[in-house]
Visitor: 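Before we start, here is the structure in question, set down as structure tokens.
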Number of protein chains: 2
Amino acid sequence: MILEDVLIVDPVDGEYVGTVEFDEVIHRVVETNKSNYKGILMPGFVDPHIHGIRGIDTMRATKEEFEMFQEYEALEGVWYFLPTTVTARLEAIPHAELPEGMKFHIEGPFISPKRKGAHNESYLLPPSDKLFEVIPVGKIAMVTVAPELEGFDEFAKSCLEKGIIVSLGHSDATFSQARHAYEMGFKRITHFPNAISPLHHRELGLVGAGLYFDFMVEVIPDGIHASPEFIELLFRIKGSDRIQIVTDSISATGLVDGKYYLGDLEVFVEDGKAKLKDGTIAGSTLRYSEAIRNFAKFTKCSLRDLAKVSSYNACLELGLKGGRVAEGYPAKLVLVDPELKLVKTFNF
Amino acid sequence: MILEDVLIVDPVDGEYVGTVEFDEVIHRVVETNKSNYKGILMPGFVDPHIHGIRGIDTMRATKEEFEMFQEYEALEGVWYFLPTTVTARLEAIPHAELPEGMKFHIEGPFISPKRKGAHNESYLLPPSDKLFEVIPVGKIAMVTVAPELEGFDEFAKSCLEKGIIVSLGHSDATFSQARHAYEMGFKRITHFPNAISPLHHRELGLVGAGLYFDFMVEVIPDGIHASPEFIELLFRIKGSDRIQIVTDSISATGLVDGKYYLGDLEVFVEDGKAKLKDGTIAGSTLRYSEAIRNFAKFTKCSLRDLAKVSSYNACLELGLKGGRVAEGYPAKLVLVDPELKLVKTFNF
């Protein structure tokens with residue numbers, strides 16, 4: 001396949017008009033110095049935090065559904081994602097159904113009751129290696145953990161040894177507890193700044209720590225979880241190397257408003273906003289293809305920055321060869337129009 | 001007077017070893033290219049927000065006390081300051097006692113009852129030009145006003161016409177109300193982030209607006225009003241051009257712990273912390289000479305940045321010729337040692 005005179009957006013080499021030759025791998029990328037271009041070619045997206053889409057829910061998916069999950073995500077320009085669990089009995093996580101190459105983001109049960117968000121408090125547990133007795137280590141890419149919980153240090157070290165990423169989240173950590181985790185080497189925060197201890201000027205909390213230290217942070221740019229101005233401010237403070245766009249989307253995504261489930265909690269979707277009965281935000285119905293448009297609109301970031309926050313940063317963190325439009329890389333590519341609408345995906 | 005081979009710290013020209021010749025005016029500044037220096041020469045400090053020191057209180061000072069106020073401030077390296085009022089009947093402000101050249105910062109009564117801090121709620125008023133019927137316009141440099149109060153727009157415009165600076169503060173403004181004031185041209189915030197609507201990720205408040213927009217912000221670097229890390233983070237976000245160090249100090253400053261007054265409210269000073277009976281922070285006992293050391297320690301800023309936040313920025317805003325160690329400028333200078341301890345002041 002040859003794409004001539006497209007605007008190539010590479011997180012490392014930048015933006016330029018060129019011609020790209022690829023099959024499953026990118027074989028040749030040549031700058032053509034044209035002033036016009038036909039479409040914008042970006043690295044395919046990566047979503048490290050997604051619970052479901054179009055009726056599929058990580059917590060009850062069959063093998064066929066996980067495969068459909070993949071197909072639905074391809075329609076969003078996402079070539080790799082972490083099916084994300086919610087708090088439940090660990091035994092309820094359908095790991096046996098997971099297709100080869102797919103790995104979980106385990107969100108809960110190792111989280112704080114004070115910042116549980118839309119997680120069922122009755123299943124919360126202190127962090128422990130029991131997780132690995134139930135779910136094979138090879139099927140876990142990431143675990144969200146509240147660093148103030150008893151047992152965090154041991155569990156986090158155990159994850160580190162196993163090559164599992166620890167993401168701080170659903171946490172009431174003080175600034176000093178956040179600093180401790182950061183200094184231990186755990187430098188990632190789940191759906192910042194949601195469901196974590198807020199910024200106060202005398203106790204900066206995990207929000208303050210996220211801004212103060214060089215944490216990698218997930219953001220949900222749906223304009224609901226945080227205001228557009230917050231996302232813009234965050235981008236100005238953190239820069240494009242320390243943000244990952246996630247959807248945190250639930251099974252209701254892509255479906256009509258109505259009643260759905262997140263784990264075993266009822267979720268009511270109205271005008272696309274997913275909430276528990278008490279009004280607590282319960283994930284999103286954000287699609288990745290919208291998320292990148294929103295992020296670009298909110299932050300006025302460059303396309304190169306957008307390629308970082310939608311793909312490259314997550315690839316680096318997850319150890320995936322990807323996130324580049326450069327020779328030798330897998331040709332997981334998306335073509336978008338000038339309004340950033342998805343036109344075509346390649347090799348998904 | 002000639003000072004040879006001092007480290008000259010000028011906010012515009014930077015830091016360099018040189019010789020300075022001055023009487024009341026700086027006549028000559030020459031770089032000497034020496035590697036050692038005898039002391040650090042900085043612009044004298046400016047404090048736009050100070051209620052009192054060593055038993056002197058703006059709200060009850062006589063002319064002699066205002067003059068002593070000036071002398072006490074000189075001992076702190078401060079050559080210009082705005083004696084700052086607290087909320088009271090406007091008639092209680094002792095403007096007739098104010099020496100030539102001194103002007104007030106009027107803090108209250110045009111503030112929000114929700115964010116009143118240590119101000120007496122019973123005297124709060126909506127902003128209005130009645131202020132100028134009681135206190136001559138020429139004696140007012142600055143007024144702190146909550147922008148969400150009815151009458152703000154008219155009053156603020158009236159201040160603008162009169163050359164009086166409007167500083168947003170003691171305010172429960174929403175982000176949108178803050179934006180409105182900012183877009184009207186009112187771009188300053190009193191003792192940020194204290195006594196203003198806090199940052200929330202869906203309603204950024206005046207704290208969020210202060211970070212998002214290009215506001216000039218006062219800070220009190222006593223380690224009590226905000227944690228050192230907050231001040232550092234603020235400095236990283238705002239930069240040295242948009243911060244002014246203030247003390248917000250009260251009459252108890254420089255005196256022993258005990259019971260004092262701020263306006264007609266009792267203030268209890270314990271270990272240098274000034275609080276109302278209910279625990280509300282009530283100004284500070286911070287001395288300017290400490291404030292600059294704290295700020296430098298908290299933020300690890302350069303001396304040049306320190307000269308901006310302690311002098312130059314306030315001079316520009318207040319229309320004072322000063323804040324420079326450069327030829328033609330008034331020689332309001334301070335000599336500090338490498339630990340930033342005040343050694344000597346000139347022409348105070």
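Lettering follows sequence order; numbering is per chain, from 1.
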Visitor: Working to the nearest 0.5 Å, report the span between OG of A:Ser251 and CD1 of A:Ile50.
Guide: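 Reported to 0.5 Å precision, the distance equals 10.5 Å.
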
Visitor: Counting only heavy atoms closer than 4.5 Å, note whether B:Leu234 contacts chain A via side chain, backbone, both or neither.
Guide: neither

Visitor: Return the option, out of B:Ala226, B:Pro228, B:Ala209, with the maximum number of heavy-atom pairs under 4.5 Å with chain A.
Guide: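 Max contact count across the listed options: B:Ala226.
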
Visitor: Between A:Asp214 and A:Lys187, is there a side-chain N and carboxylate O pair less than 4.0 Å apart?
Guide: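 Salt bridge between A:Asp214 and A:Lys187, a charged N being under 4.0 Å from a carboxylate O: no.
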
Visitor: Where does A:Pro193 contact chain B at under 4.5 Å (heavy atoms): side chain, backbone, both or neither?
Guide: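 Its backbone and side chain both get close to chain B.
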
Visitor: For A:Glu148 and A:Thr174, run side-chain hydrogen bond (donor to acceptor under 3.5 Å, both in side chains): C-alpha distance rounded to whole Å, both residues' side-chain angles, the deciding distance at 0.1 Å, then the answer.
Guide: CA-CA 8 Å; A:Glu148 71 276 21; A:Thr174 61; over 6 Å; no

Visitor: Check each atom of A:Glu203 against the heavy atoms of chain B and say whether the ones under 4.5 Å are side chain, backbone, both or neither.
Guide: neither

Visitor: Restricting to non-hydrogen atoms, name the atom on B:Phe268 and the atom on B:Lys259 that form the minimum distance, rounded to 0.1 Å.
Guide: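 Taking B:Phe268 first and B:Lys259 second, the nearest heavy atoms are CE2-CD, 3.7 Å.
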
Visitor: Please classify the contact between A:Leu211 and chain B as side chain, backbone, both or neither, with a heavy-atom cut-off of under 4.5 Å.
Guide: both

Visitor: Using ring centroids (six-membered ring only for Trp), state whether A:Phe235 and A:Phe298 fall under 6.0 Å.
Guide: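 Ring centroids of A:Phe298 and A:Phe235 are no less than 6.0 Å from each other.
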
Visitor: Counting only non-hydrogen atoms closer than 4.5 Å, does A:Ile231 touch chain B with its backbone (N, CA, C, O), its side chain (CB onward), both, or neither?
Guide: neither

